[in-house]
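Excluded from the calculations below are hydrogen atoms, water molecules and symmetry mates; all remaining heavy atoms, backbone and side chain alike, are included. A note on names: the letters A, B, ... follow the listed sequences, proteins ahead of strands, and every chain is numbered from 1.
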Protein chains: 2
Amino acid sequence: MSRRETTKLETRQLILEAARKLFHTKGPEQCTMRDIAREAGVSPASVVVHFKNKTALLEVALYEDIEKAIAGAVATMPQDACLHDRLMHIAQCMYGFYDNDRELYRVLIRDTTFEKAGQNPYLTKQLEDYLQFFGAMIEQEKLLGTVRFDADARIAASSLFSLYFSVLMEFLRNPNMPLNMALEWLAASAHQHLTGILTSKEGKGK
Amino acid sequence: MSRRETTKLETRQLILEAARKLFHTKGPEQCTMRDIAREAGVSPASVVVHFKNKTALLEVALYEDIEKAIAGAVATMPQDACLHDRLMHIAQCMYGFYDNDRELYRVLIRDTTFEKAGQNPYLTKQLEDYLQFFGAMIEQEKLLGTVRFDADARIAASSLFSLYFSVLMEFLRNPNMPLNMALEWLAASAHQHLTGILTSKEGKGK
DNA sequence: TTTTATTATTAAACACGTTCAACAACAAAA
DNA sequence: TTTTGTTGTTGAACGTGTTTAATAATAAAA
């Protein structure tokens with residue numbers, strides 16, 4: 001690697017570290033690109049050269065921590081628990097993680113997941129992997145006989161994620177909402193999705 | 001009403017009309033507050049005095065049309081159709097409505113629903129009414145015997161709305177996604193939520 | 001009527017994210 | 001080595017949403 005490339009990587013790292021520090025301490029909307037540049041010891045223009053815009057910087061600065069949180073949640077998942085409990089274990093880990101800095105992750109999610117598709121490559125990939133994992137879990141439950149064979153695992157995975165995501169947003173939007181309330185709400189929603197709400201005759205009829 | 005109050009209302013209306021026009025023609029991110037002010041024949045500062053910020057102006061400028069779309073969807077809802085089909089009728093009407101200007105409504109929803117709770121009074125109220133309506137619909141189904149008595153109607157309403165909302169966002173984020181694809185996706189998700197995915201023994205066991 | 005208080009309006013300024021033209025450090029070619 | 005090309009960096013500037021201090025028009029009080 002040439003001298004040019006190494007110094008470029010170094011400044012990139014300087015910016016990333018400065019960004020991570022200020023995003024957490026001052027909040028993502030209170031800290032400016034100029035703040036980050038000053039903290040990193042580079043010019044504001046340099047920040048943009050390296051990260052295209054503030055949202056992209058936010059994404060790159062935070063996605064690794066999220067990835068670790070997911071990995072931790074999956075690693076500690078109780079293998080013998082039922083589908084519902086395993087889902088709730090993941091949710092509990094992730095909500096707990098986001099609870100460390102709700103404002104920060106609210107802004108991150110707002111500025112990424114609601115952009116036009118194609119931006120946010122890191123978080124997009126995370127979501128895809130996540131959904132794939134969920135889908136595989138549900139497929140496996142079919143083999144165990146707990147999930148019906150005619151149920152579409154991909155639809156189930158994306159639906160359960162939708163429920164997870166909606167409650168998460170409500171959780172992040174309301175700083176006073178206790179973590180337990182969010183988890184209970186999600187548990188009720190997920191349970192409903194697993195068991196349905198129609199009476200037997202109606203449910204079977206479809 | 002004093003002369004002062006009437007002229008104030010007039011300028012407010014001028015701004016609103018200018019905003020509605022430019023939001024639709026130029027797009028919400030392309031048209032600036034200065035553009036709107038010029039179109040309305042007032043100063044940029046005046047726009048802020050009347051609407052606090054651009055997002056609030058966006059919300060006020062658009063929520064009435066959304067309200068009309070909801071009202072139309074509810075009014076044309078087939079009374080004798082099953083719960084699933086009635087939900088899908090509403091979704092079809094609303095997705096079709098948003099399809100008229102996906103970019104505009106994507107920005108609106110991003111800038112409102114992801115803000116801290118308490119902002120966006122208009123859209124918040126709309127959502128509350130919407131959920132109440134859904135909940136009542138589901139309660140009624142209980143009396144008809146199609147929905148189980150032990151199912152929580154409020155959880156069901158918010159869950160079904162979450163599914164509706166998630167698919168809507170994906171629809172608005174992807175300009176190439178056909179309307180039908182979004183509707184089919186939602187139909188599959190909603191059907192799953194109504195009927196569940198667990199096998200009978202598992203589902204009943206809970 | 002005259003004086004005082006209120007308020008709708010705005011020009012000018014500010015803060016921020018971002019762009020651009022120029023520079024300087026490095027690499028490649030002669 | 002000298003010349004030429006490449007590229008990481010930046011100061012200055014731009015466009016935008018928003019704030020602020022001042023103005024002018026109206027209402028209320030004397």
Side-chain angles (χ1 to χ4, degrees), chain A residues 1-19 22-23 25-61 103-104 107-108 110-112 114-116 119-120, chain B residues 1-19 22-23 26-62 103-104 107-108 110-112 114-116 119-120:
Chain A
M1 196 163 57
S2 74
R3 172 133 170 60
R4 270 244 196 87
E5 285 167 318
T6 55
T7 56
K8 185 178 181 182
L9 266 183
E10 277 167 16
T11 57
R12 190 188 143 97
Q13 278 310 112
L14 284 177
I15 294 169
L16 263 183
E17 284 161 27
L22 294 187
F23 281 149
T25 55
K26 298 185 65 172
E29 317 217 66
Q30 277 64 44
C31 94
T32 71
M33 294 289 266
R34 287 170 175 82
D35 290 337
I36 296 171
R38 193 176 328 112
E39 175 81 24
V42 300
S43 77
S46 200
V47 178
V48 180
V49 167
H50 280 269
F51 291 98
K52 187 174 101 198
N53 56 44
K54 194 179 180 181
T55 297
L57 174 56
L58 194 63
E59 188 197 9
V60 177
E103 179 62 10
L104 177 60
V107 172
L108 171 69
R110 180 196 62 193
D111 289 350
T112 54
F114 270 48
E115 270 335 282
K116 281 222 204 68
Q119 325 283 87
N120 342 115
Chain B
M1 195 164 58
S2 74
R3 171 133 171 64
R4 262 238 271 272
E5 284 167 319
T6 56
T7 56
K8 185 177 182 182
L9 266 183
E10 277 167 16
T11 57
R12 190 189 144 96
Q13 278 309 113
L14 284 177
I15 295 170
L16 263 183
E17 283 161 28
L22 294 187
F23 281 148
K26 298 185 66 172
E29 317 217 64
Q30 278 64 45
C31 94
T32 71
M33 295 289 265
R34 285 169 176 81
D35 289 338
I36 295 171
R38 194 177 324 113
E39 175 81 23
V42 300
S43 78
S46 200
V47 178
V48 180
V49 167
H50 280 269
F51 292 98
K52 186 174 100 195
N53 57 43
K54 195 179 181 181
T55 297
L57 174 56
L58 193 64
E59 188 197 9
V60 177
L62 298 182
E103 179 63 9
L104 177 61
V107 172
L108 171 70
R110 180 196 61 191
D111 290 350
T112 54
F114 270 49
E115 270 335 283
K116 279 222 203 69
Q119 325 283 87
N120 342 116

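Here the CD1 atom belonging to B:I36 is positioned 4.0 Å from the CZ atom belonging to B:F23, to the nearest 0.5 angstrom.
For the pair B:M33 and A:R4, both in contact range of DNA chain D, the more 5′-proximal nearest nucleotide belongs to A:R4.
Contact check, B:S43 against C:dT9: no side-chain N or O comes under 4.0 Å of OP1 or OP2. At the phosphate of D:dG8, neither OP1 nor OP2 sits under 4.0 Å from any side-chain N or O atom of A:T7. Remark: A:S2 is not in phosphate contact with C:dC26, judged by side-chain N or O atoms under 4.0 Å from OP1 or OP2.
One interatomic measurement links the two molecules: CD1 of B:I15 to P of C:dA8, which rounds to 12 Å at whole-angstrom precision. As a whole-Å value, the separation of B:H50 NE2 from D:dT18 P is 15 Å. Note: NZ (B:K8) to P (D:dT26) measures 15 Å, nearest angstrom. Atom-to-atom, CG of A:N53 to C1' of D:dT16 comes out at 16 Å; the value is rounded to the nearest Å. As a whole-Å value, the separation of B:L14 CG from C:dA8 C1' is 14 Å. Atom-to-atom, NZ of A:K52 to P of D:dG8 comes out at 18 Å; the value is rounded to the nearest Å. If you take NZ of B:K54 and P of D:dG15, they are 15 Å apart, rounded to a whole angstrom. The CG-C1' distance, from A:L9 to D:dT9, rounds to 15 Å in whole Å.
Between A:I15 and A:S46 the shortest heavy-atom distance is CD1-O, 4.1 Å. Closest approach of A:M33 to A:N53, counting heavy atoms only: CE-C, 4.3 Å. In this structure, A:T55 and A:D111 approach most closely via the heavy-atom pair CG2-O, 3.3 Å.
Candidate nucleotides D:dG8, D:dT19, D:dG11 were compared by shortest atom distance to the side chain of A:A45, and D:dG11 ranks first. Candidate nucleotides C:dC16, C:dC26, C:dT9 were compared by shortest atom distance to the side chain of A:R3, and C:dC26 ranks first. Closest to the side chain of A:V42, out of D:dT10, C:dT9, D:dT9, is D:dT10. Residue B:V48 has its side chain nearest to D:dT18 when only C:dT19, C:dT9, D:dT18 are considered.
A salt bridge does not link B:E39 with B:K26: none of the charged nitrogens is closer than 4.0 Å to a carboxylate oxygen.
Residue-level contact check: B:T32 touches the backbone only, with heavy atoms under 4.0 Å from sugar-phosphate atoms and none from bases.
You'll find a donor-acceptor pair under 3.5 Å spanning the side chain of A:R34 and the base of C:dG17, going by distance alone.
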